[in-house]
Structure formats: structure tokens, C-alpha cells
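Worksheet: the structure to be examined is printed underneath.
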Number of protein chains: 2
Amino acid sequence: MARLDRREHLIDTAISLFLCNGYHATGIDTILDKAGVSKKTLYHHFRSKDELILAALKKYDGIFRNNFMRQVEARSEQPYERLLAIFDVAGDWFSQNNFYGCLYINAIGEFSGPDTAIRQVCMEFKALLCRFIEDLCRELPVAEPLTLAQELALLLEGAIVTAQVSQGKNHSAKIAKTAATALIAQARTLPLPDADQAVGSSQP
Amino acid sequence: MARLDRREHLIDTAISLFLCNGYHATGIDTILDKAGVSKKTLYHHFRSKDELILAALKKYDGIFRNNFMRQVEARSEQPYERLLAIFDVAGDWFSQNNFYGCLYINAIGEFSGPDTAIRQVCMEFKALLCRFIEDLCRELPVAEPLTLAQELALLLEGAIVTAQVSQGKNHSAKIAKTAATALIAQARTLPLPDADQAVGSSQP
DNA sequence: AAGTAGGTGTACAGATCTGTTTCATCGTCA
DNA sequence: TGACGATGAAACAGATCTGTACACCTACTT
């Protein structure tokens, strides 16, 4: 195994364990055992456990982008369908047997310091997710795409934690989708600020 | 201090520390120091730290009922206004300087076992909250009060975690309230299943 | 006034956790 | 081939954590 491989493998292993057991409850030795890597190697790549946690949070950002967002984009070409597809993809995510909620929400629960690097990464991720939704909303003929995006983001976050508490055995994704449909429909009925609206929008 | 006082004081101290620092990161000694109680006393009232955690989660249920729900009920007599007041009270909660999110959501992030007592308490609390919202929705002339309640609950949960990540410095409560207003309005436009609807409803 | 339940304080045991160190080994590139 | 950086295995150090043991104190009840 090459050098970078081990580093990435360590991060991947850490992500899965942090998701499943939390950050403080996951010991270094547990990560090393599961990764099949020696402690020397870990401390060669990371100066401390906190640095590994930070690396895990940063990498998960990219993983989420490549999985969740790509899946949404693959389900439709149209912005309206993509917005709703968000909740279908989320539903698939929740019903996986190894669903343990959002890595970032869990991290904030354990590291609540006011201005830590961990919090910053979590906020950046949240902004990224909201921006993804906002970009889709901007393609719809709605007066306030940012507001709509923030509302949909709240629904998604709420669906995530609700599914987490009930171990994905409820229908929070479906409920969120129903609510999202209503919110989008309502936003479309509001008057637009300008005449030249709907840039390349595709409404069903 | 009497016997029960110490027990309750221990639980209260534990709640505030669990909220602020998390469960695993909060040591027994930290709780004892802050509470000004000896270790012997703690283990006289609780057999283990886990039992103290469980007691804290169970007590927080009652605290939340007496604070959050009573505040909502105090803001209006009408079900519609009360539903919206939920998000005003939530906004006040988020902007407190010692806001650290929801004790239960944080607990599930650290104790993700499939059928633990901790998870059960969290699910019961979630059901209680949803039931509170549902009872208000049932007083409105809407076709599916349960669905509406679940949608509003998702908004609330989403607002909580969003405020937690950004340390209450955003407007997630206001966004949730806007979305809630739209969802309630939309639910009211749907046809009712029966003629004799609206049992004791009071619509503005 | 005395007994007793509950409490304090401290020391301790045993486990676990992070991080370091030592020494041997492996792989790769010059 | 030889050198060097990366890795493994394991012991170790120091800190921290949960939970227990022991001796003594306090406050309330009878």
C-alpha cells in the first residue's frame, strides 16, 4: 500500500467509526485495528487525534458531494425534479442499515467550542449544501430563491435527525418531500419581482 | 440539603454539562465538582454514569415540557397562533448564549446502539413533541393534521440543528416560521374529508 | 441525648486513552 | 546494491476515567 493510500484509508476508517460510535467514544486503537495500520503510521500522518477528526470532516465533505449531490443530479435534468429528488436520495440514505445521521451534526454535539476549526468545517459544509439547493431554486420562477432554499434545507436537516433518532424506520424523507412540494408550489404563486423571470426554468 | 435535593441537583448539573460538553467528554469528577457533591453520594443515587445519563434525559423531558410548551401556550389561546408561536419560542431559545442544541439529538449522536434505553427515551420525547404539535393541528380545519404536524416537527428539528451549527447566529427560527405559515396555509386549502369537520376549531 | 441514614474527603484499583519510543523490516529509488 | 523514508509490533509513559473502600462527620428522628 502506498503512502497516500494509507492516509486515505485511515481517514475512511475513522469516518465510518466516528459515524457509528461518535468521536470521543472511538479510541485511536479501535481505528488502528479496523484499518489494519500501526500507531506509528497514524502519528506520522496526523499530529493528533483532533487532526484526524478534522481530516475526516473535511474529506466527508467531498464524499457527500460525490455521492448525495451526484445522485440527485443523476435522477433528473430539471431543477424542479432535482429539488424533489433530494428527498428521495435522502430516503435511500436513511434506510441503509448503517445510517447514523450526519457526521457534522454529530460533531457539533460533541465539540461545541465557539470558534473551533471543527465548527468552521461544519458551517462550511452547511453553506455548501444550502448553496446546492439555492442554485436549483434560482432556476425556478420564484421571487425569493434563497428563502425557499433555506426552508428546504431546514426540512432536509430535520428529516436527517428525525430519521437518525428512529433509526430510519419512519418516513421522514417522504414527509419532508411532501412539505417541500407544498413550499415550492407556494413560492411559485408569489409575484415575481421582475418581468424577465425564469431563466431556463422547466416547470412541470 | 435534603436527600432528594442532592439527587435532583446532580441531575440538573449533569444536564447542563452534557448539553455544553457532550456525554463522553463530561467526566464524573467534572459533574461532582460543579455540583459540589461527593462521589460517594453520586454512586449512592445512581449505579453508574449511564444511569445518571438516563436520569438526565428523562428529567429534561419534563423541563422541556414546563418551559418550551408552557411558553408556547402562554403566547396565545388560539391553535393557529400557538403553532406559529412554537417558532418564536424556539428563536428565543436559540439566541440564548448557552444554547447547545437538543439534548436528545446530541445523545443519539453519541449512543447509537440499536435498542438502548437512551434511544427509547429520545424517541419518546420526539413522539411527545410531535403529539403536542399534532394536538394543535387537530384544532385547525385541515384534512390531515398528523401529516401537517409531522411536517412542522421536521421544520422545528431542522431549525434546532441549524441554529446549533451556527451558534444561533442565523435566523433559522424565522425561516422555519415562514415555511410553517406556508405549510399551514396550504393544508387549509385542501378539501376536508368530511362535512362535520373542525371539532371545536378556532380559525382566525 | 443517642442512634442512624446520609454525606464528605481522600485514597485507591483497574481500565482505557493518547501519544512516544525503540527496534526491526520493507519498498523504492538512485 | 545501498540508503533512506515509511511501516509494523510492542512496550511504555502519563493522564484520565469509572467505580470502590475506608474513616470520619452531620443532621434529623425518636
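All values reported here derive from a predicted model rather than from experimental measurement. Chain A is the first sequence line, chain B the second, and so forth, proteins listed ahead of strands; every chain is numbered from 1.
A:H9 places its NE2 atom 17 Å from the C1' atom of D:dA6, with the value rounded to the nearest Å. The interatomic distance linking A:I31 (CD1) with C:dT16 (P) rounds to 17 Å, in whole Å. As a whole-Å value, the separation of A:L42 CG from D:dA6 P is 15 Å. Rounded to an integer number of Å, the gap from B:F46 CZ to D:dT18 C1' is 16 Å. At whole-Å resolution of the value, CG in A:L32 and P in D:dG8 are 9 Å apart.
A:S38 has no side-chain polar atom (N or O) that falls below the 4.0 Å cut-off from OP1 or OP2 of D:dA10. When the side-chain nitrogen and oxygen atoms of A:R6 are compared with OP1 and OP2 of D:dT7, one or more of them lie within a distance under 4.0 Å.
Interface residues of residues 107-122 of chain B facing DNA chain C, ordered by number: none; criterion, heavy-atom separation under 4.0 Å.
When distances run from any side-chain atom of B:H44 to the nucleotides D:dT7, C:dT8, C:dG6, the shortest one goes to C:dG6. For A:H45, the listed nucleotide lying nearest its side chain is D:dT7; candidates were D:dG8, D:dT7, C:dT8.
Residues forming a salt bridge (charged side-chain N to carboxylate O under 4.0 Å, His left out) with A:K59 (at least two apart in sequence, or on another chain): A:E8, A:D12. Residues meeting the side-chain contact (heavy atoms from CB on, under 4.5 Å) test with B:C137, sequence neighbours left out: B:L83, B:I133, B:P145, B:L148, B:A149, B:L152. With sequence neighbours left out, A:A25 forms a side-chain contact (heavy atoms from CB on, under 4.5 Å) with B:H24. Listed by chain and residue number, B:R6, B:V37, B:S38, B:H45 satisfy the side-chain contact (heavy atoms from CB on, under 4.5 Å) test with B:T41 (two or more places apart in sequence, or in another chain). For A:Q120, the side-chain contact (heavy atoms from CB on, under 4.5 Å) partners are A:E124, not counting sequence neighbours. For A:F64, the ring pair (Phe, Tyr, Trp, His ring centres under 6.0 Å) partners at least two apart in sequence or on another chain are A:F68, A:W93, A:F125. In this view, A:Q186 satisfies the side-chain hydrogen bond (donor to acceptor under 3.5 Å, both in side chains) rule with no residue, not counting sequence neighbours.
The existence of a salt bridge linking A:D61 and A:R65 is confirmed by a sub-4.0 Å separation between a basic side-chain nitrogen and an acidic carboxylate oxygen.
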- prompt: Can you give one letter per nucleotide of nucleotides 17-28 of chain C, 5' to 3': B if a protein heavy atom sits under 4.0 Å from the base, S if only from the sugar-phosphate, - if neither?
  reply: -BBB-B------
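Listed for the A:R82 side chain is a donor-acceptor partner under 3.5 Å among the backbone atoms of A:S76.
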